[in-house]
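What's counted below: heavy atoms across the whole structure, side chains too, no hydrogens, waters or symmetry copies.
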Amino acid sequence: MSDNVVHLHKNNPPAPEPATVTTLTVVPEPAPAAPVPLWVRSGRAVKHAVTHETTKTTARAIARHTLYVAGGAKIAAKRTWDGRTASRYERMFRAAEAAGNYEVAAEWEERGQQFRAARHRRRMDLLHSPVDAAKGVAVGTGMGIGGLVALGIVMAIATKDVTHVVTPLMAVVEFINLLIWIVQVVWGPALTIGPFLALLALWAVGSKQQAAPAWALPAIVRNGEGEPITPSIVVKALRDLGVAPLRNAIKEMGDAGASMLGPIRIAGCGVEVDVTLPSGVATNEIQNRRRKLAENLSRHEHEVFIMIPQAARTVRLWIADSGALDEPIGPSPLVTDATATANYQTGKAPWGQDLRGDAAELSLYQRHLLITGRSNQGKTAALRALVLWLALDRSVQFWIADLKGVGDWSMFNGIAGVLIEGPSDGHVIQATEMVEDAVREMNRRIEERLANPNIKFRPLIVIVDEAQKAFMCPAVDDAKRPYGGSKATSRYFMGTRTIHNQGRAVDVLLWQGTQDPTDQNLPKLVREGAHTRASLVLGSESQAKMALGDKAVEDGAAPHMLRQGLDKGTLVVASDGIDMPTGQSSITVRTHFIDDEPAVEIADRARALRDGVTTLRAIERGEERDALADIVAALGEASRLPTTDVLKRLAMLDQDTYGTWTNGDLKRVLEAQGEEPKKSHGRMVVHKDHVLRAIAHRDVDGSASAS
């Protein structure tokens, strides 16, 4: 039986059943672990000591301070060499020549020649100096001894003691002996301490210049606020961009590249500096390394903007204070000032602030507008802020189509002559016909302008938000003409192109807001027709060029560099209607956000300035029309309107029925009820109370219905 198994038998007499056997398993105790050899424990201890953070920090500190001495010696030697030779002048000469500044190069060359001439004179003087020195010593010694003896004679005569003749001479000898004794006492300690003092001086020079490898330098602890921008930081950031010609030019410059920089100016919540690049370095080489430059400046990419001013071979850097662009800019003046007014012709809309913190105001006078950007980044809010301001000018008319249809533009009911809200193809068809009505209104104004060049028109702003839906609409009309698309048969496309071509002259303007621009949802000819182009964050540089144009992007406009979700309401604007630094073709604007509630209050103020505008919210088709009732609807809350305005509103109400009506048709319908238009101040007008009276007395068979 195994030692590990024990069988226990009960002491009972035999029974028919077999005895019960219980088996116990005894688990052996584990053998004691073998002791770890001493050399293994020592190796682990050594490894732990070597890899410990304190050990590594100490080693770096020792290496750093040792290398400070070596680096300081190198710097001192270089300074000595520069002081004794013309290398400094040669270096400055080459730097000026590399930068293309030949006048400065000639000046440094002349200074170098002057230094060499002076050095030659000094060396020639050294050849004659030993003889001159010997003569001087001999003459001086003879005169000195003679003077001392003469002084002794005078003292002997005065004291009647002949021994005083040598007294002055002996005093000088004793003084010289004292100096020799002092030198003997000091010389030993000086020889001992002198090398240490020299090493300390070299260490101080190396420490001040951080003359040690990066791995040996102490880790830089940043507080998250960013470093202050100084000339040395800017030059170092440019030097480390990885542009070889730029790095070599900075290395050759005697002033370490400081001559490239203009003055660093405070500009809003950051600083601005112009950098003149050396010959052989293109501005786009700096633009293409925006992220690396920002990180070299201890900033995030969105906190550094690179622009191209008018000066040749120059880039303008705007560097934000760390975190400043994440702070809100405050409410719009339209919200804080209940007395604010607008003037379409001479005023400017308070849109927001530029990066320098200055007010960004946009002129809207006779300018078509395009705002684009990704969804939910503030496009509608930016566009609506401009319309809210302009609505405070009672002379301006609005036709609005909101193809999103979630109520963003509902507060313009009673302000806009047309307000279409909805995302369906039917709403797109209505928006298209609204644009075509604007084309007809534009043509009518042009005809009147030809007859009377001095005539003035009320501005008509046609607004289509989410215009990409109109361009992408698949619907076709009865003549098989598509509403969407970008062909010559596309109704919306041709309507927008026609307004872009001629509308500005008679103050019929088109403002569009659209999402990510492509050739499919925003054709090139429509993009190029806008005078003011603005973009929120986009996904790529190609989209940025579609939104703003190639010129603006090549000059530094970068909406594709904005941050999705974090830079809501931040626009890059290309327009001659906004003030921007000379030479720039775009400007970045942080727009004021006007929420729905204050937007309604501003709209109420605008509505109070107007004489009851009836807003057409939908265009009904395919039904029999009651002409007199439609005329009343067209008049709205106005007591009377010129016949031309009534015809225009009737056409918007139902293009199929009233689109071809003339003054004669309107007069025929009213005369049939005995209420023809009357003349007022030289214009034919329709009185609302006359039409209501005609409805009250008309025949019950509906003789006033439109045919």
Approximate separation, where rounding is to 0.5 Å, of N501 CG and M494 CE: 8.5 Å
Should the heavy atoms of other residues, nucleotides or ligands under 6.0 Å from NE2 of H560 be counted, would the total exceed 12? yes
R290 side, atom CZ; F305 side, atom CZ - distance, nearest 0.5 Å: 5.0 Å
How about R291: does its CZ atom have over 12 heavy atoms from other parts shown lying under 6.0 Å from it? no
With a 3.5 Å distance limit and no angle check, can you tell me whether R607 reaches the backbone of F412 through a side-chain donor-acceptor pair? no
Quick check: does any side chain N or O of N452 sit under 3.5 Å from a backbone N or O of E448, one acting as donor and the other as acceptor? no
Does any part of the side chain of R444, heavy atoms only, come nearer than 4.5 Å to the side chain of R440, both counted from C-beta? no
Can T532 and L364 be said to form a side-chain contact (heavy atoms from CB on, under 4.5 Å), step by step? CA-CA 9 Å; T532 295; L364 304 173; over 6 Å; no
Is there a side-chain contact (heavy atoms from CB on, under 4.5 Å) between I420 and I400 once you walk through the steps? CA-CA 6 Å; I420 301 168; I400 301 174; over 6 Å; no
For W351 against A534, the heavy-atom pair lying closest together: CH2-CB, 4.1 Å
For the atom pair CE (M684) and CZ (R640), what is the distance rounded to the nearest 0.5 Å? 12.5 Å
Test item: R610 side-chain N/O and A391 main-chain N/O as donor-acceptor pair under 3.5 Å: yes
Check for a donor-acceptor pair, side chain of E466 on one end and backbone N or O of T514 on the other, with a separation under 3.5 Å. no
Grab the two heavy atoms, one from T372 and one from P517, that are nearest each other, plus how far apart they are. OG1-CD, 3.3 Å
Quick check: does any side chain N or O of R367 sit under 3.5 Å from a backbone N or O of R504, one acting as donor and the other as acceptor? no
I need the minimum non-hydrogen distance between T643 and P677, along with the two atoms involved. CG2-CB, 4.0 Å
Take atom CZ in R458; do more than 12 heavy atoms of anything else shown fall under 6.0 Å from it? yes
So, do W661 and V669 sit near enough that their side-chain heavy atoms are less than 4.5 Å apart? yes
Would you find more than 12 non-hydrogen atoms of other residues, nucleotides or ligands less than 6.0 Å from K469 atom NZ? no
Backbone N/O of E597 and side chain of D595: donor-acceptor pair under 3.5 Å: no
Carefully, step by step, assess T591 and T570 under the rule side-chain contact (heavy atoms from CB on, under 4.5 Å). CA-CA 6 Å; T591 59; T570 299; over 6 Å; no
Step-by-step side-chain contact (heavy atoms from CB on, under 4.5 Å) determination, V387 to W409: CA-CA 10 Å; V387 181; W409 297 87; 3.8 Å; yes
Return the minimal non-hydrogen interatomic distance between V646 and L641, and the atom names on each side. CG2-CB, 3.9 Å
Between CG on residue L334 and CD1 on residue I602, distance to nearest 0.5 Å: 4.5 Å
What I'd like to find out is whether the side chain of L390 reaches to under 4.5 Å of the side chain of I461, using heavy atoms alone. yes
Once you round to the nearest 0.5 Å, how far does CG of L571 lie from CD1 of I587? 11.5 Å
Can you tell whether the side chains of D596 and R384 come within less than 4.0 Å, N to carboxylate O? yes
Hydrogens and angles aside, do D274 and T314 bring a side-chain donor and acceptor to less than 3.5 Å of each other? no
If you measure from the Lys or Arg side-chain nitrogens to the Asp or Glu carboxylate oxygens, is any gap between R649 and D645 under 4.0 Å? no
When you measure from the side chain of Q377 to the backbone of G373, do you find a donor-acceptor pair of N or O atoms at a distance under 3.5 Å? no
Within this structure, what is the CD-CG distance for the pair Q515 and L536, rounded to the nearest 0.5 Å? 11.0 Å
So, for K648 and W399, which heavy atoms are closest and what is the spacing to 0.1 Å? CD-CZ2, 4.0 Å
Donor-acceptor contact present, side-chain R533 to main-chain L369, <3.5 Å: no
Residue from V462, I499, T496 passing side-chain contact (heavy atoms from CB on, under 4.5 Å) with V439: I499
What residues, two or more places apart in sequence or in another chain, satisfy salt bridge (charged side-chain N to carboxylate O under 4.0 Å, His left out) together with D579? K348
Quick one, R491 and D477 - any side-chain contact, counting heavy atoms below 4.5 Å? yes
Using a 4.5 Å cut-off on heavy atoms from C-beta on, say whether the side chain of I371 contacts that of Q512. no
Check: H531 side chain, H368 main-chain N or O, donor-acceptor pair, under 3.5 Å: yes
State, yes or no, whether a side-chain contact exists between L370 and L522 at a heavy-atom distance under 4.5 Å. yes
I'd like to know if R527 pairs up with D519 as an ion pair, taking the criterion as any Lys NZ or Arg NE/NH1/NH2 lying under 4.0 Å from an Asp or Glu carboxylate oxygen. yes
Regarding Y344 and D507, do their side chains bring together a donor and an acceptor under 3.5 Å, going by distance alone? yes
With side chains defined as the heavy atoms from C-beta onward, is the minimum distance between T432 and E436 less than 4.5 Å? yes
Strictly distance-based, threshold 3.5 Å: is any side-chain N or O of R316 a donor or acceptor partner for the main-chain N or O of I306? no
Does K404 NZ have over 12 foreign heavy atoms under 6.0 Å away? yes
Would you say that V428 contacts Y492 through its side chain, given a criterion of any heavy-atom pair below 4.5 Å between the two side chains? no
Could you tell me which non-hydrogen atom of G513 sits nearest to which non-hydrogen atom of Q468, and how far apart they are? O-OE1, 4.2 Å
